[in-house]
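This report concerns only the one structure given below.
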Amino acid sequence: MLKTSDLSIEKINNLLQDADDFSKGKVLKAKDEVYVANLFFEDSTRTKTSFDVAERKLGLKVVPFDISVSSVNKGESLYDTVKTLKSLGIDLCVIRHKKEKFYDEFKGIDIAVINGGDGTGNHPSQNILDLMTIQQEFGKFEGLKIGIVGDVKHSRVANSNAEVLRKLGAKVYFSGPEQWFDEGTIINGTYVSIDDLVKEVDVLMLLRIQHERHENDEKMKLSAEKYHRQFGLTKEREKTMKKNAIIMHPAPINRGVEIADELVECKRSRIFKQMENGVFARMAILKTALEERGFEFM
Ligand code: CP
């Protein structure tokens, strides 16, 4: 589970089926002792905690690993850290790192790796939980209109979600500040103005503005108030959405920026449902990754 484009439609459907079974109460436990560690070199609340919960629900042995007190701070490389954990008996690592494709370094290490987010690259477990949330709502992907709004350039969620949704038959549209869409940013959809997009789509996916990735890019700078007025989901824009359209956001949310504070928990918001689904999607991902390496569940 390194990037969503690696996954066949059959594999995506199997993951969604497993995630759905777990959400309906299916219980599976690892037959043997399996040791896992979660290495988060970038901050996380949802991904780290939901992997932790998912691992415990599957009966895996979670070995605490805190980057801030590890030998990473003495200069140990990512390769040596993972090779060391393998030597100590860890069978699977979930890793989030700011370096795109960090996992290419581990090709020679006999350990399962799940990508918890690589820079602006991919966030496959977010993709699966997003698909699960859309499928629960509409029961299909074919013909759905999906709008993705905001910081597409820096989002590891946007283009991988768009790619897989298109593969599954949905139509994908993007919107946001045009200066944020360099040539080549949109590879899996069509750019539409925000007011047209909001009226048209079945699923409105809002993206967090990734201020931490804008530091040296003057072109990306836009005040929160201006962003909300020009591109955010305001209360006025929400009123123009289709009757059964839903709102999604991977979170964390900048309330009052990407979305009006009052809309975060409104009737059509599935933002907290996405988080709930995150545990089941990650259980499915862990089960699949471990089964592929010969571990069994009962
Ligand atoms: N959506 C997401 O990846 O959230 P965290 O950064 O809190 O893990």
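Any value given below was found using the heavy atoms of this structure, including those in side chains, with hydrogens, waters and symmetry copies removed. When a ligand or atom number is given, it counts from 1 through the structure's own listing order.
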- request: Any atoms of ligand 1 less than 4.0 Å from a non-hydrogen atom of T45? List them with their elements.
  value: 5 (P), 7 (O), 8 (O)
- request: Go through the steps for D18 and K26 under the test salt bridge (Lys or Arg N to Asp or Glu O under 4.0 Å), then give the verdict.
  value: CA-CA 9 Å; D18 279 345; K26 184 170 180 175; 5.3 Å; no
- prompt: Got the closest protein heavy atom to atom 2 (C) of ligand 1, with its distance?
  reply: A251 O, 3.4 Å
message: Give me the residue, atom name and distance of the protein heavy atom closest to atom 4 (O) of ligand 1.
response: R46 NE, 3.0 Å
Nearest neighbour in protein (non-hydrogen) for atom 3 (O) of ligand 1: H123 NE2, 2.9 Å
task: Flag yes if more than 12 heavy atoms outside K61 fall under 6.0 Å of its NZ atom; otherwise flag no.
output: no
query: For atom 6 (O) of ligand 1, which protein heavy atom lies nearest, and how many Å away is it?
result: R96 NH1, 2.9 Å
message: Please check whether P252 reaches ligand 1 - meaning an N/O of the residue sits under 3.5 Å from an N/O of the ligand, judged on distance alone.
response: no
- request: May I ask you to check whether over 12 heavy atoms, not counting those of K167, lie within 6.0 Å of atom NZ?
  value: yes
task: State, with a plain yes or no, whether a side-chain heavy atom of V264 is found less than 4.5 Å away from one of R255.
output: yes
query: How about K226: does its NZ atom have over 12 heavy atoms from other parts shown lying under 6.0 Å from it?
result: no
message: Given G117, G116, S125, S44, identify the one with the heavy atom nearest to atom 5 (P) of ligand 1.
response: S44
Pairwise side-chain contact, K99 with E105, heavy-atom cut-off 4.5 Å (strictly under): yes
